[in-house]
Amino acid sequence: MSGIAFKADEFHFSILNPFKDFAEDPHMVEVRRDPLLGDTTVYNPFLRDKAKSFFGECDAELVIKLVEESSKNCIFCGESVEKVTAKYPVDIVPDGRIKVGEAILFANLFAVGQYHPVVSLSKSHFLKLSEFSPEMICNGFRAARKFLDLVYTRDQSELYTAVSANYLFPAGASLVHPHIQMLVTPVAYSYHARLIDASLAYYRKHNSSYYSDLIQEEKKNGQRYIAQKGGWHWLTAFSPMGSNEVIAVHERECDFGQLSETDLRDLAGGISKVLGFYESLGHLSFNYSLFSVRKPRGEGLHCMFKIITRQNLYNNYRNDDYFLQKMLQSELIINLPEELAPKIRVFF
Ligand SMILES: [Zn+2]
């Protein structure tokens, strides 16, 4: 029997509603707990209708203006990417940068970790979400993978890798141009470290991997399971960290450096599908991270990919992170994971 429990509590209460002449209005909040970490996520069905005013719709004219203005001085565009982006010393990357198709990996001028390359994904300065092709995404991962191989050869320490993306300003990106970033560090950063510790504790307690059990449980109950593509299982998270969160769990591997070419292709194919789905919901901005641990440290851990949507682009928008997320590390569910999964299935 697995040690996974999908725990949720419902709390019912009333308010006197000023829009209904102060009549008593019954309300409910549901508090869910992540089965591995215990992190809480809050769902209030009454907020669903308010979500539109939270997130707004993308302002198409504003998007065009931002894209045009930012393209004038973009260092990832045209020849600039090979002229003005930072190179690695030859003892790390012999050619200074790594190219795979249109993807080009270079050193981040403002690193937040020991190894922190950036990969520009495309020649295009701006892409609609449905324009992130599997090939383009995969080339970015291939470049990141080549970099990790070089780091693994020269540095024997325990290394934690997160391959991440911020797309557009609401997701915290400082540049419009599609790119990903990879952090390879001897210290696991907070969330990554919590995943590793909790996965190991689960493994020791249940003599089984949390991720294998999760895949099995989610397949069995069928509410949040989306599809299997190669070695990756795609599902919505029971207690998500962000809006419209979709996760992919590798069936066994914990180390990005050990993933096969097929694994990378399948992952990229799935990401492309999720982005197409996000576009169908009217979203344009997203974040994702792929978490990896160098073998043999990742006992009980599997490579896990998480992707979420962010605020839409319009003037004077309100950021969707506030105290609930930043201070309490709790997330708000707008679209129920169980409703999201069947909608995404048709994209797979
Ligand atoms: Zn550009």
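Counting begins at 1 with the first residue of the sequence. Counting starts at 1 for both ligands and their atoms, following the listed order. This is a predicted model, so every value here is computed, not measured.
Relative ring orientation between Phe348 and Trp234 is described as tilted, the plane-to-plane angle lying within the 30° to 60° band. Relative ring orientation between Tyr288 and Phe286 is described as parallel, the plane-to-plane angle staying below 30° on a 0-90° scale split at 30° and 60°.
When only modelled atom types and interatomic distance are considered, Asp263 and His250 share a side-chain donor-acceptor pair under 3.5 Å.
Listed by chain and residue number, Arg294 satisfy the side-chain contact (heavy atoms from CB on, under 4.5 Å) test with Gln156 (two or more places apart in sequence, or in another chain).
Checked against the 6.0 Å centroid threshold, Tyr152 and Tyr115 do not count as a close aromatic pair.
If you count the protein N, O or S atoms nearer to the Zn ion (ligand 1) than 2.8 Å, you get 4.
Residue Ser120 is tested with Ile104, Thr85, Ile75 for a side-chain contact (heavy atoms from CB on, under 4.5 Å); the sole match is Ile104.
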